[in-house]
**Student:** 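My structure is below; once you've seen it, I'll send some questions.
Model, not experiment: these values are computed from the prediction.
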Amino acid sequence: MNQSRDILFLAVAPEGYTSLHRARALGRIGHRVTVINLYDCLPRNIWWRRFNNYSGGFLSQVWVRPFLRHALPKKRFDLVWVDHGQNVGPKVIALLRAHASKIVNYNNDDPTGKRDGRAWNLFRRAVPHYDLLVTMRKPTESELLQLGGRAVLRVRMSFDEVGHRPRELSEQDRARWSSEVVFVGTRMPERGPFLRRLIELGVPLTIVGDNWEKAPELNVLRQAWRGGAVYGDDYAKAIQCSKIALGLLSKGNRDLHTQRSTEVPALGGLLCAERTSEHLEMFRDGNEAVFWNDAEECAAACFALLRDEQRRARIARAGQDAAWRRGYGNESVMKQVLARLDQTP
């Protein structure tokens, strides 16, 4: 089905998040997209988020269902796209079903894993009600089918062709964001000890991201931490102004690659990430990215790269070309999803 579609896109994200990147990518490939953002109706208090996670997402229905009854246009769509979906249960899907015959869920998290406890219970109850579920992890793929998923598609994490296009950099940008080795990302339990070890080995590290003040390793990491999460232009510039950008996985999320795995190369950064089966499928080790098995190998790779500017530039260029040429962008992935949806009964 190549013709333009009317798509209702249900997001739950502030500006700058990748959910809205996907909505805009659908528009760029020729579809008419109407966005309803549940972020506009849900409380933003951290305590509410914790209670909602503890309730399995069910608490959010107090806000979501009345909001949608008011916000949903009085028209039919060819497709409803539910991005993320933690706060969408069977009753909300029934409400959406009155507006489209096909409903797809795209979730780049790990809703069937154990890391987030009961936070995804509402989502799991909704699984059999979607026509197609899109995931990035092989274990999640099989677990969604076990939960009654009608059809499941596994895709790569993707960069955005506009959101992650390299920026023009000023001298002020370089002065603000310049770094030798950068990690841009949120604190997770296994990341603190790894980054502490890099600092102990002498790696000139910069950390940008949320929740690092909670790290048990903060006494060591404090010297490298520049502050909280960055988005949009600031995120792009933090990557572009680094000589090396680390790609760290979330072990609790069963990652074998992450969004950084495609975003860093797309922006022209040099990806230095854990050696996994999926990273090795995506990029040629030592030619388009540099991979490692532990902190010691990572540190040695960083030191070698920092001494060789020409090699850094060569790998970064090759990685950028691979990311764009091999279809790791949102537009390519959105086309994959729609093509698979056309095959569902």
Side-chain angles (χ1 to χ4, degrees), residues 10-14 17-19 36-68 80-97 103-154 157 185-192 209-216 229 248-256 258-259:
L10 203 64
V12 56
Y17 278 51
T18 60
S19 180
I36 295 180
N37 198 339
L38 298 184
Y39 185 76
D40 295 333
C41 80
L42 294 172
R44 299 175 192 180
N45 183 289
I46 188 171
W47 293 107
W48 178 87
R49 290 201 300 271
R50 288 178 180 174
F51 280 123
N52 188 47
N53 286 342
Y54 184 76
S55 80
F58 289 88
L59 180 62
S60 66
Q61 304 308 280
V62 174
W63 287 269
V64 169
R65 288 165 63 191
F67 174 76
L68 284 177
V80 175
W81 182 295
V82 177
D83 212 78
H84 193 257
Q86 183 188 14
N87 303 300
V88 174
K91 290 182 179 179
V92 170
I93 294 180
L95 191 62
L96 298 171
R97 186 70 69 180
I103 303 179
V104 61
N105 175 270
Y106 179 105
N107 194 321
N108 58 7
D109 218 312
D110 185 7
T112 60
K114 297 179 179 179
R115 187 191 72 174
D116 298 328
R118 64 179 73 185
W120 293 97
N121 283 2
L122 181 66
F123 170 88
R124 291 173 188 147
R125 284 186 56 182
V127 162
H129 300 272
Y130 287 106
D131 297 285
L132 176 66
L133 298 115
V134 183
T135 184
M136 289 81 222
R137 298 164 183 84
K138 192 170 183 62
T140 310
E141 180 182 20
S142 60
E143 289 157 4
L144 289 171
L145 290 170
Q146 291 167 17
L147 286 169
R150 302 179 190 180
V152 182
L153 172 68
R154 186 158 61 96
M157 296 277 192
T186 303
R187 183 195 81 87
M188 292 182 184
E190 69 276 8
R191 292 175 175 176
D210 282 345
N211 296 331
W212 289 99
E213 72 279 5
K214 301 175 184 176
L248 303 186
L249 309 177
S250 167
K251 304 298 184 181
N253 249 11
R254 301 185 290 183
D255 288 339
L256 292 177
T258 71
Q259 287 191 183

**Student:** Does Asn37 reach the main-chain N or O of Tyr39 with its side chain, forming a donor-acceptor pair under 3.5 Å?
**Tutor:** yes
**Student:** Applying ring-ring contact (aromatic ring centres under 6.0 Å, His included), name anything that partners His129, two or more places apart in sequence or on another chain.
**Tutor:** none
**Student:** Side-chain contact, heavy-atom cut-off 4.5 Å: Asn107 with Leu133?
**Tutor:** no
**Student:** Leu248 and Arg191: which non-hydrogen atoms are nearest, and at how many Å?
**Tutor:** O-NH2, 3.1 Å
**Student:** Is the shortest heavy-atom distance from the side chain of Met136 to the side chain of Leu256 under 4.5 Å?
**Tutor:** no
**Student:** Would you confirm whether Trp212, through its side chain, and Gly185, through its main-chain N or O, come within 3.5 Å as a donor-acceptor pair?
**Tutor:** yes
**Student:** Distance-only, no hydrogens or angles: does the Asn105 side chain make a donor-acceptor pair with backbone N or O of His84 under 3.5 Å?
**Tutor:** yes
**Student:** Flag the pair Asp255 and Arg115 as a salt bridge only when some basic side-chain nitrogen lies within less than 4.0 angstrom of an acidic carboxylate oxygen.
**Tutor:** no
**Student:** Measuring from atom CG of Asn87 to atom CH2 of Trp120, what distance do you get when rounded to the nearest 0.5 angstrom?
**Tutor:** 8.5 Å
**Student:** Before you tell me yes or no, could you show the steps for Val12 and Asp83 under side chain to side chain contact (heavy atoms under 4.5 Å, CB included), namely the whole-Å CA-CA distance, both residues' side-chain angles and the distance that decides it to 0.1 Å?
**Tutor:** CA-CA 7 Å; Val12 56; Asp83 212 78; over 6 Å; no
**Student:** Taking the side chain as everything from C-beta on, heavy atoms only, tell me whether Phe67 gets closer than 4.5 Å to Ile36.
**Tutor:** yes
**Student:** Grab the two heavy atoms, one from Phe58 and one from Asn52, that are nearest each other, plus how far apart they are.
**Tutor:** N-OD1, 4.1 Å
**Student:** Taking atom types as modelled, find out whether Arg124 and Asn121 have a side-chain donor-acceptor pair closer than 3.5 angstrom.
**Tutor:** yes
**Student:** Would you confirm whether Arg137, through its side chain, and Asp109, through its main-chain N or O, come within 3.5 Å as a donor-acceptor pair?
**Tutor:** yes
**Student:** Side-chain contact, heavy-atom cut-off 4.5 Å: Phe123 with Val82?
**Tutor:** no
**Student:** So, are Lys251 and Glu190 salt-bridged, with charged N and O less than 4.0 Å apart?
**Tutor:** no
**Student:** Check this for me: Arg125, atom CZ, are more than 12 non-hydrogen atoms of other residues, nucleotides or ligands nearer than 6.0 Å?
**Tutor:** no
**Student:** Assess the residue pair Leu38 and Val88 against the criterion (side chain to side chain contact (heavy atoms under 4.5 Å, CB included)); give the C-alpha distance rounded to whole Å, side-chain angles, the decisive distance to 0.1 Å, and a yes or no.
**Tutor:** CA-CA 10 Å; Leu38 298 184; Val88 174; 4.2 Å; yes
**Student:** A side-chain contact here means heavy atoms from C-beta on lying under 4.5 Å apart; do Ser60 and Trp48 qualify?
**Tutor:** yes
**Student:** Can you name the nearest heavy-atom pair linking Gln86 to Leu122, along with the distance?
**Tutor:** O-CD2, 3.8 Å
**Student:** With distance as the sole test, does Arg65 use its side chain to make a donor-acceptor pair with the main-chain N or O of Lys91 at under 3.5 Å?
**Tutor:** no
**Student:** Rounded to the nearest 0.5 Å, how far apart are OH of Tyr106 and OG1 of Thr135?
**Tutor:** 9.0 Å
**Student:** Report yes if some heavy atom in the side chain of Gln61 is under 4.5 Å from a heavy atom in the side chain of Val92; otherwise report no.
**Tutor:** yes
**Student:** Is NZ or CZ of Arg150 both nearer than 6.0 Å to the six-membered ring centre of Tyr130 and within 45° of the ring axis?
**Tutor:** no
**Student:** With heavy-atom distances below 4.5 Å as the criterion, would you say the side chains of Arg49 and Pro43 are in contact?
**Tutor:** no
**Student:** Within this structure, what is the OG1-CG distance for the pair Thr140 and Leu145, rounded to the nearest 0.5 Å?
**Tutor:** 11.0 Å
**Student:** Is any side-chain heavy atom of Leu153 closer than 4.5 Å to a side-chain heavy atom of Leu132?
**Tutor:** yes
**Student:** How many angstroms lie between atom OG1 of Thr258 and atom CG of Asn253, to the nearest 0.5 angstrom?
**Tutor:** 10.5 Å
**Student:** Look only at the side chain of Asp210 and the backbone of Thr186, and say whether a donor-acceptor pair between them is shorter than 3.5 Å.
**Tutor:** no
**Student:** Minimum heavy-atom separation for Arg187 and Pro216, please, with both atom names.
**Tutor:** NH1-CD, 4.0 Å
**Student:** Where is the tightest heavy-atom contact between Asn53 and Arg118, given as atom of each residue plus distance?
**Tutor:** O-CG, 3.5 Å
